[in-house]
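Quick notes on the structure that follows.
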Amino acid sequence: MKAKTADQIATAVIYAIAGLVALVLAAMLAFILVRGVPHLSWHFLTAQARSFEVGGGIGIQLFNSFYLLILAMLISFPIALGAAIYLNEYAKPTIWTSMVRTAIEVMSSLPSVVVGLFGFLIFVVKLKLGFSIISGAIALTFFNLPILTRSIETSLSQIPDLQREAGAALGLSRFETVIHIILPASVPSIVTGVVISAGRVFGEAAALIFTAGQSAPSLDFGDWNPFNLASPLSPFRPAETLAVHIWKINSEGIMPDLSLVSAGASAVLIIVVLIFNFSARRLGTLLYKKLTKS
């Protein structure tokens, strides 16, 4: 067989495999959206869930998901950014850096249920934080930190060394070069990684079942005092998220309109994750133009 013919066959096989994967993914998304979108309404998105009655919504679960996501990203992003800057800009190839990279690799491969059990033993039981948003946010930090660190480090490593040398030639310190040159240039890639990881965290369930809890108490949206457990901003209250809610109602089976609520909640979850992914590149480009004034 000629090399050109073999190359064409291999290319066709690769395209066929990629097309098959894309087709399966599109079929899954279409199935979820077709079943769930017709059941979406303002009442469904804002109403409280009902266990033994028809007509409940996902309002509190949806709010809990976004609130927990914000807290988790506020905790994990600064740590991941600092770790990535150290590993890419300052760290030398030593035993210490090798251990850090190995630890990151090991943490990134941990199943989310293991992270949830770890969070349950340490934060819920040992530190007596109970099933709460803060326990879930810290558990999600352990779940998200290694992937976010690697993503930011990869973004920084893609910047040519010529820009670092240019900063040194201008008399800038290494820290000033990183802050004023390297970070602005890598903003699009960093933002893309952050937004995609946020979508991954938003859909997480296993780690939150054992930390944030499986209950969603009624909230007083007129009370914004974070020290009151009835306040939406309280980090010490249990918080059932949207992904946990889908798992819970399907496992309990006590909701009369289970199939409708499950389909609608799944559609909302998929739509939010898709919005995260599609907006990542656009947001990164806008921030890059603003920071670089180009």
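The analysis underlying the following values was restricted to heavy atoms, covering all of them including side chains, and did not include hydrogens, waters or symmetry mates. No experiment lies behind these values; they were computed from the predicted model shown.
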| said: Does any part of the side chain of Thr97, heavy atoms only, come nearer than 4.5 Å to the side chain of Thr94, both counted from C-beta? | reply: yes

| Can you list the residues that meet the ring-ring contact (aromatic ring centres under 6.0 Å, His included) rule with Tyr90, with sequence neighbours excluded? | none

| task | List the steps and the verdict of side-chain contact (heavy atoms from CB on, under 4.5 Å) for Val115 and Phe210. | result | CA-CA 9 Å; Val115 177; Phe210 301 100; over 6 Å; no

| Does the side chain of Arg164 come within less than 4.5 Å of Arg174's, by heavy atoms? | no

| Are any of the side-chain heavy atoms of Ser197 and Met73 separated by less than 4.5 Å? | yes

| Can you check side-chain contact (heavy atoms from CB on, under 4.5 Å) on Leu40 and Ile271, steps first, answer last? | CA-CA 11 Å; Leu40 300 185; Ile271 290 172; 4.1 Å; yes

| message | Using the rule that Ile, Leu, Val, Met, Phe, Trp and Tyr join whenever any side-chain heavy atoms are under 4.5 Å apart, tell me whether Ile133 and Phe221 fall into a single cluster. | response | yes

| said: Applying side-chain contact (heavy atoms from CB on, under 4.5 Å) to Ile181 and Leu172, what does each step give before you reach the verdict? | reply: CA-CA 10 Å; Ile181 298 178; Leu172 299 178; 3.9 Å; yes

| If you round to the nearest 0.5 Å, how far is OG1 of Thr46 from CD1 of Ile60? | 10.5 Å

| Nearest-0.5 Å distance, OG of residue Ser65 to CD1 of residue Ile58 | 8.5 Å

| field | Partners meeting side chain to side chain donor-acceptor pair (under 3.5 Å) with Glu240 (sequence neighbours left out) | value | Gln61, His245

| field | CZ-CZ distance between Phe120 and Phe131, expressed to the nearest 0.5 angstrom | value | 5.0 Å

| said: Quick one: does any side-chain atom of Arg237 pair with a main-chain N or O of Pro232 as donor and acceptor, under 3.5 Å? | reply: yes

| query | Would a 4.5 Å heavy-atom cut-off, applied to side chains only, mark Leu69 and Phe276 as touching? | reply | yes

| message | Less than 4.5 Å apart, side chain to side chain, heavy atoms only: is that true for Leu156 and Leu183? | response | yes

| request: Examine distances only and state if a side-chain atom of Ser231 and a backbone atom of Asn225 form a donor-acceptor pair shorter than 3.5 Å. | output: yes

| Contact check, side chains of Phe77 and Ile190, non-hydrogen atoms, under 4.5 Å | yes

| So, Ser135 and Ser132: side-chain donor and acceptor under 3.5 Å apart, yes or no? | yes

| query | Looking at CG of Leu127 and CD1 of Ile138, how far apart are the two atoms once the value is rounded to the nearest 0.5 Å? | reply | 7.5 Å

| field | Glu204 side chain to Ala206 backbone, donor-acceptor under 3.5 Å | value | yes

| field | Straight-line distance of Ser112 OG to Asn144 CG, nearest 0.5 Å | value | 12.5 Å

| message | Using side-chain heavy atoms (C-beta onward) and a distance below 4.5 Å, is Leu87 in contact with Ile104? | response | yes

| Just wondering, do Lys126 and Leu121 contact through their side chains at under 4.5 Å, heavy atoms? | no

| message | Looking at Ser259, is its backbone amide N or carbonyl O close enough to the side chain of Ser262 to form a donor-acceptor pair, meaning the two atoms are under 3.5 Å apart? | response | no

| note | Separation between CZ (Phe142) and OG1 (Thr211), nearest 0.5 Å, reads 12.0 Å

| task | Dump the intermediate steps for side-chain contact (heavy atoms from CB on, under 4.5 Å) on Val124 and Leu129, then the final yes or no. | result | CA-CA 5 Å; Val124 177; Leu129 295 175; over 6 Å; no

| Are any side-chain N or O atoms of Ser151 and backbone N or O atoms of Leu148, one a donor and one an acceptor, separated by less than 3.5 Å? | no

| request: Report yes if the distance between the aromatic ring centroids of Phe202 and Phe66 is under 6.0 Å, otherwise no. | output: yes

